[in-house]
Protein chains: 2
Amino acid sequence: MDEETDGIPQNRPAARDVDATDRKILGVLVDDATVSYAELGDRVGLSPPAAHERVKRLRRSGAIRSTAAIIDPKAVRKPLLAFVHIDTKGWGKTPELMAISEHPEVEEIHSVAGDTCMLIKVRTEDTRALEGLLSRLYETPGVTSTRSYVVLSTYLERPVQPGVTTEWPTPRHMAKPLY
Amino acid sequence: MDEETDGIPQNRPAARDVDATDRKILGVLVDDATVSYAELGDRVGLSPPAAHERVKRLRRSGAIRSTAAIIDPKAVRKPLLAFVHIDTKGWGKTPELMAISEHPEVEEIHSVAGDTCMLIKVRTEDTRALEGLLSRLYETPGVTSTRSYVVLSTYLERPVQPGVTTEWPTPRHMAKPLY
DNA sequence: GATTGATGCAGAATTTAATACGGCCATTAT
DNA sequence: ATAATGGCCGTATTAAATTCTGCATCAATC
């Protein structure tokens with residue numbers, strides 16, 4: 001029953017947008033994806049097969065990118081979190097990005113407006129390992145400089161929240177937009 | 001069978017540290033936590049019950065914090081990613097942090113070395129919603145200023161990688177540490 | 001305005017996987 | 001040397017995932 005024979009997802013079934021029930025489901029699964037469909041159905045007011053059907057659709061449409069174990073960085077000996085600005089000659093060319101993302105310590109690579117550098121997020125065992133990673137990044141062709149910012153402590157770290165509101169309101173205290 | 005009657009986890013069973021097999025398991029589960037224990041066992045060279053046992057232990061010890069659905073921010077209408085520096089009078093007092101983390105748009109709150117402000121990561125629907133969030137953050141007692149950096153594009157975003165190496169080597173090109 | 005098609009849901013049945021149990025082997029401590 | 005512990009495998013049992021059928025609702029069409 002697998003219709004994904006073509007390589008290119010040309011005729012996706014319109015990817016019907018996420019409704020309130022879907023958001024409730026996402027809210028549950030973001031918190032704990034190990035719940036049974038029976039319990040998931042209970043929580044959002046659906047039968048187990050219906051809940052299952054919704055989740056399958058959310059996966060197919062890509063709304064649920066994956067289901068992943070969230071690891072404690074300390075448990076894998078990466079307690080040190082840092083943000084690094086990387087200046088590159090090419091400024092976002094694919095080869096450099098590939099080279100940078102090779103390192104398993106690198107978790108995020110962003111291009112920031114108003115800045116000619118990449119902002120990356122890395123985790124290492126300690127400052128020495130960070131130093132080593134930075135020098136290895138510096139050796140990457142195209143990288144001209146790095147500046148790193150060590151995080152002292154993290155107070156919140158959570159995945160994307162679905163936001164189970166009825167429908168996206170403009171902030172209460174703001175006037176209607178003019179355009 | 002729940003031994004968590006005490007509030008304080010005083011006598012945790014030593015939390016035996018994560019070995020190579022555990023790292024392999026974490027590597028699989030970070031990528032896809034929906035695999036059966038049969039397949040997980042196959043991939044890491046264990047029988048299904050043995051794999052199950054290791055995963056249970058990894059959960060108990062806290063190495064696996066949770067199992068979560070990873071949501072596409074676009075699917076829940078939060079395509080705009082930004083990092084915000086927030087200056088606070090108290091500099092990391094609990095009430096402000098609580099107030100800041102109330103907002104579902106806020107995903108991370110960090111305290112950065114050498115900086116007297118918090119670095120937070122937020123996602124909103126558009127720049128208008130970001131503006132609204134910023135002004136709401138500014139209204140929070142203790143918050144004295146905010147500076148926001150909008151992300152143009154994100155090239156990599158992945159969870160904590162377990163790093164399936166044999167044992168943590170110092171970087172190849174570095175000399176043995178002196179202390 | 002009635003009809004037809006499509007979509008989503010519930011309930012039951014079936015298949016599959018998760019979980020619990022007993023015994024074996026290796027390593028460690030006494 | 002020997003007992004005890006921890007980790008693993010194979011099997012059995014239980015629970016959940018998955019499939020299937022029928023029904024109701026809504027939308028588009030004639």
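Numbered from 1 within each chain, the chains take letters A, B, ... in sequence-line order.
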Rounded interatomic separation in angstrom, taking CD from B/E53 and P from C/dC24:
19 Å

N/O contacts under 3.5 Å, protein versus nucleotides 15-18 of chain D?
from   : atom 1 : to    : atom 2 : distance (Å)
D/dA17 : OP2    : A/Y37 : N      : 3.0
D/dT18 : OP2    : A/H52 : NE2    : 2.8

If you check the A/R54 side chain, which of C/dG8, C/dA10, D/dG7 turns out closest?
C/dG8

Any Lys/Arg nitrogen of A/R147 or A/D87 sitting under 4.0 Å from an Asp/Glu carboxylate oxygen of the other?
yes

Taking CD1 from B/I25 and P from D/dC8, how many angstroms apart are they, rounded to a whole number?
8 Å

What is the distance, to the nearest angstrom, from the CZ atom on B/R57 to the P atom on D/dG6?
11 Å

Identify, with sequence neighbours excluded, every residue that meets side chain to side chain contact (heavy atoms under 4.5 Å, CB included) alongside A/T140.
A/A99, A/V143

Specify the separation, in whole Å, of atom CD of B/E39 and atom C1' of C/dA18.
15 Å

Any salt bridge linking B/D31 with B/R158? Criterion: basic side-chain nitrogen under 4.0 Å from a carboxylate oxygen.
no

To the nearest 10°, give me the bend of the helix from C/dG1-D/dC30 to C/dT30-D/dA1, comparing the axes of its five terminal pairs at either end.
30°

If the condition is ring pair (Phe, Tyr, Trp, His ring centres under 6.0 Å), which residues does A/Y149 pass it with, not counting sequence neighbours?
A/H85

What pairs of residues pass the ring-ring contact (aromatic ring centres under 6.0 Å, His included) test when at least one of them lies in residues 97-132 of chain A, not counting sequence neighbours?
A/H110-B/F83

Is the shortest distance from a Lys or Arg side-chain nitrogen in A/R123 or A/E157 to a carboxylate oxygen in the other one below 4.0 Å?
yes

By the ring-ring contact (aromatic ring centres under 6.0 Å, His included) test, which pairs, at least two apart or in different chains, include something from residues 27-51 of chain A?
A/Y37-A/H52

Determine, for A/E53 against A/R57, whether the closest basic-nitrogen to carboxylate-oxygen distance falls under 4.0 angstrom.
no

